[in-house]
Structure formats: structure tokens, C-alpha cells
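Since the model is a prediction, treat every value here as computed from it, not as a measurement.
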Amino acid sequence: MKLIRYGAIIRVLGVLLCIVALSMILCLPLSLYYQTGHLHNFISSILICLLGGGLLLFAARNMDLTVNKREGYLIVVLAWLTLWVSCALPYYISGEIGSITDIFFETMSGLTTTGATIINDIEALPRDILFWRSFTQWLGGMGIIVLTVALLPLLGIGGIELFVAEAPGPTSEKLHPRIKDTAKALWFIYLGFTLLLWFLLWWNGMDWFDGINHALTTMATGGFSTKNASIAYYSPQIQYITAVFMLLAGVNYSLHYLALRGKFKTVFKSDELRSYFYMVSVLTLIITVAVFQVTDITIEKAFRDSLFQIASIITTTGFVTADYTSWDPSITAVFFLLLFMGACAGSTAGGIKMIRHTVLFKNSILEFKRLLHPRAMIRLKLNGRIVPPRVLTHILVFFLLYIGTFIFGTIIVIIAGEDLLTAAGAVATSISNVGPGIGEVGPVNNFATMNGFTKWFLSLIMLIGRLELFTVFIIFTPYFWKNS
């Protein structure tokens with residue numbers, strides 16, 4: 001018996017290439033309507049993806065399609081690398097982004113919904129390229145693998161292992177008995193929110209093209225914008241709407257599903273959800289007061305900018321309405337810490353995730369109680385249920401890996417030539433998939449001036465963070481490859 005069954009891997013990669021090709025078709029009407037001159041470039045990219053996908057599907061036609069955990073993790077990592085290459089084709093063939101390094105950095109930033117960019121003049125890009133840039137974030141937002149899982153039964157492949165490896169967060173709560181129905185439910189909610197936001201943005205004065213782009217990247221918690229000034233370009237109404245939908249995008253999609261079915265009691269019992277909104281509310285109040293004191297803006301603008309930037313950073317979206325690094329050093333320090341926070345598990349946000357912070361905080365408090373009552377059986381509970389020791393161990397190891405990766409990455413970027421503040425900000429924002437950081441990669445700057453090595457390294461950090469460390473690191477362990 002083979003250790004790794006490559007049939008399923010090859011077939012899934014083939015399906016993904018076909019999905020990318022179909023996605024690129026959406027850019028063709030824009031190329032024709034705006035006369036960008038890139039119609040043939042997108043057609044070439046589509047044909048390349050279809051040819052590659054067709055060859056892979058043909059090669060896997062008689063192979064074993066069984067998927068276990070090993071294949072699941074390997075498929076996810078290889079799928080993202082495949083997407084990285086295929087989604088970069090329109091940039092490469094069109095020549096709109098100069099170097100290979102910049103092309104792959106921008107593509108990885110899009111797919112991982114990081115939102116970091118090397119483009120100095122976004123508004124100069126043709127509209128079909130801008131749309132593709134936004135659409136890659138939308139695909140990566142929920143995880144294109146989840147979409148593929150909904151199609152796998154048609155190919156004769158079971159998908160539960162893929163969903164566990166890809167779905168954001170420490171747990172993947174099934175909404176339906178069948179994983180295919182779960183994936184479909186998540187995507188219908190995701191699509192519904194995107195269309196609703198598009199309508200609201202258009203209704204409040206944003207043109208239809210900018211509206212669809214910002215709807216795509218808001219629900220993906222990605223942060224790519226069609227304007228150099230990001231959301232600061234638009235009216236206060238649009239800023240408030242965007243802030244609300246960023247916060248909604250940071251909520252566990254399982255809770256959205258339960259809310260749509262009227263199960264509000266279950267939704268409000270979520271410890272993670274309460275922690276999430278409590279933190280946003282308290283921080284918004286504190287930062288609003290602080291900003292009002294250190295600037296000469298009105299209290300309404302101080303509140304709006306504070307709410308927006310907190311929502312943007314904590315949900316790892318990365319949109320900008322104000323330069324939070326210019327307010328006060330203490331406020332900058334708060335936003336730096338928020339880079340590691342993350343919203344809810346099961347959302348499109350990156351970061352450590354609120355559920356892990358909640359579990360760690362509750363366990364720390366209980367540890368004092370255990371010290372006073374060493375013989376008592378004091379169990380950690382979340383949502384009224386006991387948290388198994390294995391889950392707690394998993395979360396503690398995740399924290400260690402996360403902080404260790406951040407420290408190691410910061411050292412590497414410093415060695416590559418960046419100052420400490422910029423290196424820490426760049427690595428923190430990359431591993432948490434936020435976008436803006438601090439230092440030379442703050443809200444009003446980008447990553448264009450960094451050297452080639454640093455861009456490739458940060459692209460890898462983005463992928464590791466998007467797949468929540470374990471999915472990538474596990475394939476480099478000897479246990480993964482042992483036949484046992």
C-alpha cells in the first residue's frame with residue numbers, strides 16, 4: 001500500500017485549475033467594455049489553465065482517489081501553490097506588474113487575503129486587472145478548497161479531510177451531516193453578504209465597479225481597494241457600511257447560518273462572539289477618546305476612524321481611512337498588538353483568532369483557582385461545554401509556533417536589510433494576513449521598496465499564516481511521511 005495516494009491530489013489540482021480558468025472568464029466582459037487591450041491576455045491565461053487542468057484530470061482518471069489526512073494536508077498546500085502560479089498568469093502575460101517577484105507577491109497577498117501590495121498607483125491599473133486582483137481575494141477568502149469540496153462528490157472523492165485542513169480556525173463545525181452541504185451553505189452565505197454589500201455601497205454613492213470590487217475584498221477580509229486612498233476616498237456613510245460588514249465578515253459563518261435559521265439563543269451563547277464584540281466595543285471607546293485628545297478632529301470623525309481601523313485590523317481586512325501610526329506612539333502599540341488578534345474562528349479573517357485568546361485567558365484565570373484548590377477538578381468550559389485537554393494543548397502549541405515564527409521571521413527580515421520596527425510590522429501583518437503594519441509598511445505605505453528576497457520570504461509567511469501553521473509545518477515532519 002502506498003503511503004501517499006497521488007490520484008486524489010492530481011485530480012483536485014486539475015479541478016482547481018479549471019475553476020481558475022472559469023473565474024478568469026468573468027474578466028473578459030470588462031476587457032471588452034473598457035477596451036483595456038488585455039482580452040487576448042486573459043484568453044491565453046484561460047487556455048493555459050484549462051490545458052493544465054485537463055492534462056491533470058486525464059492523468060488521474062484511473063488512479064486511486066482515496067483521501068485520508070495525509071492526502072488532505074498535502075492537497076491543501078499543493079493547491080495553494082498551484083493557485084499561486086495560475087492566478088499570477090494575467091499579471092505576467094499582461095505585463096502590468098513589472099517583475100516576477102512583484103507578480104508573485106501581489107498574487108499571494110491576494111489569495112491569502114493579506115492585502116499587502118507593491119503597486120504604487122493602483123488607479124493606473126486597467127479595470128479588468130483590478131477586478132482580477134479583487135476576485136483572487138474573494139476566492140481565497142473562504143478558501144477555494146471549500147468550494148472544491150462541494151464538487152468532489154461528483155468526482156468520486158470524499159472531502160471531509162480537505163475541509164478540516166482548509167477551514168479557518170481551530171475547529172470546523174459541520175452545519176449539515178454531509179460536508180458537501182456544509183461547503184455549499186458557507187458559500188451561499190458568503191455570496192449573499194457580498195451581493196448585499198455591493199447593493200448598499202452602490203445605493204450610497206459608490207459606482208458599480210468600485211462597489212463590486214470593495215464588496216469582494218470586504219467579505220474576504222482582504223483589503224484590496226481600487227483607490228490609492230483606500231476607503232478614505234469615500235463618504236462617511238460608506239465608511240460606516242464597510243466597517244459593519246468587516247465586523248460581520250469576522251464572525252464565525254456557522255453562527256451566521258444559525259442566525260439565518262432563527263437560532264439566536266445559540267448564537268448569543270457563543271463565548272467567542274461575545275469576546276469579539278466586547279473587545280471591539282471597548283477598544284473603540286478607548287481609542288476614540290485617545291484620538292480626540294491628541295488630534296484636532298471632531299468627536300464623530302475620531303469615533304469613525306477608530307471604529308473603522310479597529311474593525312479593519314482585528315478582522316485582518318486592512319482597509320485604511322486614517323494613519324493610526326501618526327496618532328500617538330501608545331496607540332500605534334495597541335494597533336501592533338491587534339495585528340496578532342484576529343476575529344472569530346470559522347470566519348474569513350486571519351490572525352490567531354478570538355477563540356484561542358478566549359480559551360487561553362479563561363485557562364489562565366482558572367489556573368489561579370487550581371493553585372488554591374489543587375485537589376479540585378476544575379475544567380475549562382467554552383459555550384457551556386468542557387474543552388478537552390487535547391484542544392487546550394493544541395492551542396498552546398499554536399501560540400508557541402505563531403510567536404516563534406514571528407520572532408524568526410523578524411530576525412530574517414532584519415538580516416535582509418530592514419529596520420526592527422519595519423521588520424516586525426511586515427512579518428506580523430504577513431503572518432496574520434492583515435495588510436498594513438507599522439514602520440515603513442504602515443497604513444500609508446506599501447511593500448514596493450523591499451528587496452526581492454524579503455518579498456519572497458514574506459509571501460511564504462503569508463501562506464503559512466493563511467493555512468494556520470500546522471497545515472504547512474506538518475508536511476516537513478518525519479511523522480507525516482512514515483507509513484504507519
Side-chain angles (χ1 to χ4, degrees), residues 69-70 72-81 108 111-114 116 140 143 145 161 163-172 272 313-314 316 336-364 367 380 382 387-416 420 423-434 437 454 456-482:
K69 284 191 177 293
R70 284 190 176 93
Y73 285 111
L74 197 58
I75 283 172
V76 169
V77 174
L78 292 178
W80 276 85
L81 295 177
M108 181 60 81
L111 287 171
T112 59
T113 72
T114 303
I145 306 299
E161 289 82 3
F163 185 75
V164 170
E166 165 62 14
T171 58
S172 301
E272 182 187 32
I313 299 301
I314 205 169
T316 71
F336 176 71
L337 294 176
L338 283 179
L339 292 176
F340 298 92
M341 190 61 62
C344 299
S347 71
T348 57
I352 293 176
K353 298 294 194 314
M354 194 62 65
I355 193 169
R356 293 190 178 98
H357 292 290
T358 303
V359 168
L360 196 65
F361 177 77
K362 282 192 167 189
N363 190 63
S364 299
E367 193 61 31
L380 173 64
L382 193 71
V387 176
R390 182 180 175 277
V391 172
L392 183 58
T393 301
H394 180 97
I395 290 174
L396 291 172
V397 172
F398 181 87
F399 264 96
L400 289 174
L401 282 175
Y402 207 94
I403 300 304
T405 304
F406 163 71
I407 293 172
F408 173 77
T410 300
I411 293 172
I412 294 297
V413 175
I414 290 172
I415 293 173
L420 174 60
V427 175
T429 196
S430 296
I431 194 173
S432 297
N433 308 131
V434 179
T454 302
W456 282 106
F457 180 74
L458 292 177
S459 297
L460 176 62
I461 294 294
M462 291 178 203
L463 179 62
I464 291 171
R466 175 63 181 88
L467 298 182
E468 302 218 330
L469 282 72
F470 287 111
T471 307
V472 177
F473 289 157
I474 194 173
I475 66 174
F476 294 103
T477 63
Y479 312 106
F480 184 84
W481 302 99
K482 285 183 179 179

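In this structure, the ring of Phe336 has its center less than 6.0 angstrom from the ring center of Phe340.
Closest heavy-atom contact between Ala423 and Thr410: CB-O, 3.8 Å. Listed here is the closest heavy atom pair of Ile474 and Thr471: CG2-O, 3.5 Å. Considering every non-hydrogen atom in both Thr113 and Gly140, the closest pair reads CG2-C, 3.8 Å.
Between the OG1 atom of Thr358 and the CG atom of Leu380 there is a distance of 10.0 Å, given to the nearest 0.5 Å. Here Ser430 contributes atom OG and Met462 contributes atom CE; the two are 4.5 Å apart, rounded to the nearest 0.5 Å. Atom OG1 of Thr114 is separated from atom CG of Leu458 by 9.5 Å, given to the nearest 0.5 angstrom. To the nearest 0.5 Å, atoms CG (Asn433) and OG1 (Thr348) are separated by 10.5 Å. Here OH of Tyr73 is found 12.5 Å from CD1 of Ile75. Values are rounded to the nearest 0.5 Å. Of the inter-residue distances, the one linking Ile412 atom CD1 with Ile415 atom CD1 reads 5.0 Å to the nearest 0.5 angstrom.
Legend: residues meeting side chain to side chain contact (heavy atoms under 4.5 Å, CB included) with Thr316, ordered by chain and number and at least two apart, are Thr221, Ala349, Val434. The side chain to side chain contact (heavy atoms under 4.5 Å, CB included) test applied to Leu460 returns Ile464, not counting sequence neighbours. When the ring-ring contact (aromatic ring centres under 6.0 Å, His included) test is applied to Phe473, no partner is found at least two apart in sequence or on another chain. With sequence neighbours excluded, no residue forms a ring-ring contact (aromatic ring centres under 6.0 Å, His included) with Phe457. For Leu463, the side chain to side chain contact (heavy atoms under 4.5 Å, CB included) test picks out Trp80, Leu81, Met108, Leu467, with sequence neighbours left out.
One N or O on the side chain of Arg70 and one on the backbone of Phe480 form a donor-acceptor pair closer than 3.5 Å. Using a distance-only test at 3.5 Å, with no hydrogens or angles considered, no donor-acceptor pair links the side chain of Thr429 to the main chain of Ala426. Remark: side-chain polar atoms of Glu272 are paired, donor with acceptor, to backbone N or O of Ala345 under 3.5 angstrom. The backbone N or O of Ile352 sits nowhere less than 3.5 Å from a side-chain atom of His357 that would complete a donor-acceptor pair.
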Result block: side-chain N/O donor-acceptor pairs under 3.5 angstrom for residues 396-406, not counting sequence neighbours:
| from | atom 1 | to | atom 2 | distance (Å) |
| --- | --- | --- | --- | --- |
| Tyr402 | OH | Ile431 | O | 3.3 |
| Tyr402 | OH | Ser432 | OG | 2.7 |
| Thr405 | OG1 | Leu401 | O | 2.6 |

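Between Glu367 and Lys362 there is no salt bridge, since no side-chain N of the basic residue sits under 4.0 Å from a carboxylate O of the acidic one.
Looking only at side-chain heavy atoms (C-beta outward), Ile355 and Leu382 come within less than 4.5 Å of each other.
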